[in-house]
Colleague: 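I'd like to ask you about the structure that follows.
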Amino acid sequence: MKESDYKKVESILYEVPKLKAEIANLQIDLEEIQEIIGIRGASPNEKAGSATYAFSSSVEDEVINREERLEEKVHGLKDAIRRRERQVRKVENALEVLNEKELLLVEMRYFKHYSINRVCEILDITTPTFNRRKNGALKDKLIPLLVLGDRKMI
């Protein structure tokens with residue numbers, strides 16, 4: 001195990017809350033765009049929501065270009081959401097191998113950003129015990145799943 005692997009796992013763990021917030025914000029963006037598209041398609045006039053190939057004005061051209069851009073934006077947002085959700089699921093899957101004490105420590109330290117002293121106080125452990133548990137969880141369990149596992153797939 002390299003020191004860079006350890007730092008990489010810590011970085012991945014620290015990113016999880018940010019990824020979840022990004023997913024939520026991207027979903028809001030997606031909802032807004034889908035509402036705009038839905039409003040356009042809600043017209044009782046059948047032709048209002050359908051594409052036309054005989055352009056009679058620059059306004060029609062602009063409307064169709066806007067619709068195409070909105071559809072591209074929807075696909076981009078969905079792809080971004082899926083990528084982030086996969087990253088979060090990988091971490092959540094890796095966390096399944098931790099015992100309860102290790103999991104609490106990881107959640108408090110990396111997801112809630114508690115200080116080492118605060119984690120030790122809550123868990124009623126010493127700093128050396130904190131370091132031993134953290135190192136064991138990261139080195140023995142999370143690095144093989146989150147870092148070394150990716151190398152095997154390459």
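Remember, predicted model here, so these are calculated numbers, not experimental data.
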Colleague: Are Tyr6 and Ile143 close enough, and set up right, to give a side chain to side chain contact (heavy atoms under 4.5 Å, CB included), and what steps lead you there?
Modeller: CA-CA 7 Å; Tyr6 192 87; Ile143 287 175; 4.2 Å; yes

Colleague: May I ask you to test the Glu85-Ile23 pair for a side-chain heavy-atom distance under 4.5 Å?
Modeller: yes

Colleague: With a 4.0 Å cut-off, would you call Arg118 and Glu121 a salt bridge?
Modeller: yes

Colleague: Considering only residues two or more places apart or on different chains, which pairs with a residue in residues 111-139 satisfy ring-ring contact (aromatic ring centres under 6.0 Å, His included)?
Modeller: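 The answer is Tyr14-His113.
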
Colleague: So how far is it from Leu30 CG to Asn25 CG, rounded to the nearest 0.5 Å?
Modeller: 12.5 Å

Colleague: If you measure from CD1 on Ile116 to CE on Met108, what distance do you get to the nearest 0.5 Å?
Modeller: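 If I round to the nearest 0.5 Å, the distance is 13.0 Å.
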
Colleague: Run the salt-bridge test on Lys141 and Glu96 with the 4.0 Å N-O cut-off and return the result as yes or no.
Modeller: no

Colleague: Does Leu104 offer a backbone N or O that forms a donor-acceptor pair with the side chain of Glu107 under 3.5 Å?
Modeller: no

Colleague: Are Leu98 and Leu95 close enough that some pair of their side-chain heavy atoms sits under 4.5 Å apart?
Modeller: yes

Colleague: If we only count heavy atoms from C-beta on, is the Glu32 to Gln27 side-chain gap below 4.5 Å?
Modeller: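 Side-chain contact under 4.5 Å: no.
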
Colleague: For the NZ atom on Lys73, are there more than 12 heavy atoms of other groups (residues, nucleotides or ligands in this structure) within a distance under 6.0 Å?
Modeller: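 Counting neighbours around NZ of Lys73, 12 or fewer heavy atoms of other residues, nucleotides or ligands fall under 6.0 Å, so no.
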
Colleague: Assess the residue pair Glu22 and Arg83 against the criterion (salt bridge (Lys or Arg N to Asp or Glu O under 4.0 Å)); give the C-alpha distance rounded to whole Å, side-chain angles, the decisive distance to 0.1 Å, and a yes or no.
Modeller: CA-CA 11 Å; Glu22 287 175 356; Arg83 278 193 309 275; over 6 Å; no

Colleague: In terms of side-chain geometry, is the basic nitrogen of Lys18 or Glu15 positioned less than 4.0 Å from the acidic oxygen of its partner?
Modeller: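 A salt bridge is present here (some side-chain N lies under 4.0 Å from a carboxylate O).
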
Colleague: Any donor-acceptor pair under 3.5 Å linking the side-chain atoms of Arg132 with those of Thr129?
Modeller: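 Yes - a donor-acceptor pair under 3.5 Å links their side chains.
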
Colleague: Output yes when Glu102 and Arg133 qualify as a salt bridge under the 4.0 Å nitrogen-oxygen rule, no when they do not.
Modeller: no

Colleague: Do Val91 and Gln87 have side chains that get closer than 4.5 Å, going by heavy atoms?
Modeller: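 A side-chain contact is absent here, since even the closest heavy-atom pair is not under 4.5 Å.
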
Colleague: Can you name the nearest heavy-atom pair linking Leu138 to Pro144, along with the distance?
Modeller: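 Here Leu138 and Pro144 meet closest at O-CD, 4.2 Å.
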
Colleague: To the nearest 0.5 Å, what is the distance between CZ on Arg89 and CZ on Arg82?
Modeller: 10.5 Å

Colleague: I'd like to know whether Lys8 forms a salt bridge (Lys or Arg N to Asp or Glu O under 4.0 Å) with Asp5, so could you lay out the CA-CA distance, the side-chain angles of the two residues, the decisive distance to 0.1 Å, and finally the verdict.
Modeller: CA-CA 5 Å; Lys8 184 172 182 177; Asp5 293 341; over 6 Å; no

Colleague: Hydrophobic clusters here meaning ILVMFWY residues chained together by side-chain heavy-atom distances under 4.5 Å, can you tell me if Val88 and Ile28 are in one?
Modeller: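 Different clusters.
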
Colleague: Supply the atom-to-atom distance Asn117 CG to Ile122 CD1, rounded to the nearest 0.5 angstrom.
Modeller: 11.0 Å

Colleague: To the nearest 0.5 Å, what is the distance between CD on Glu31 and CG on Leu77?
Modeller: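 Spacing of CD (Glu31) from CG (Leu77) equals 11.5 Å.
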
Colleague: On a heavy-atom basis, which atom in Val97 and which in Ala94 lie closest, and how many Å separate them?
Modeller: CG2-O, 3.0 Å

Colleague: Which distance, rounded to the nearest 0.5 Å, do you find between the NE2 of His75 and the CG of Asp79?
Modeller: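 One gets 8.5 Å once the value is rounded to the nearest 0.5 Å.
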
Colleague: Is the shortest heavy-atom distance from the side chain of Leu142 to the side chain of Leu13 under 4.5 Å?
Modeller: yes

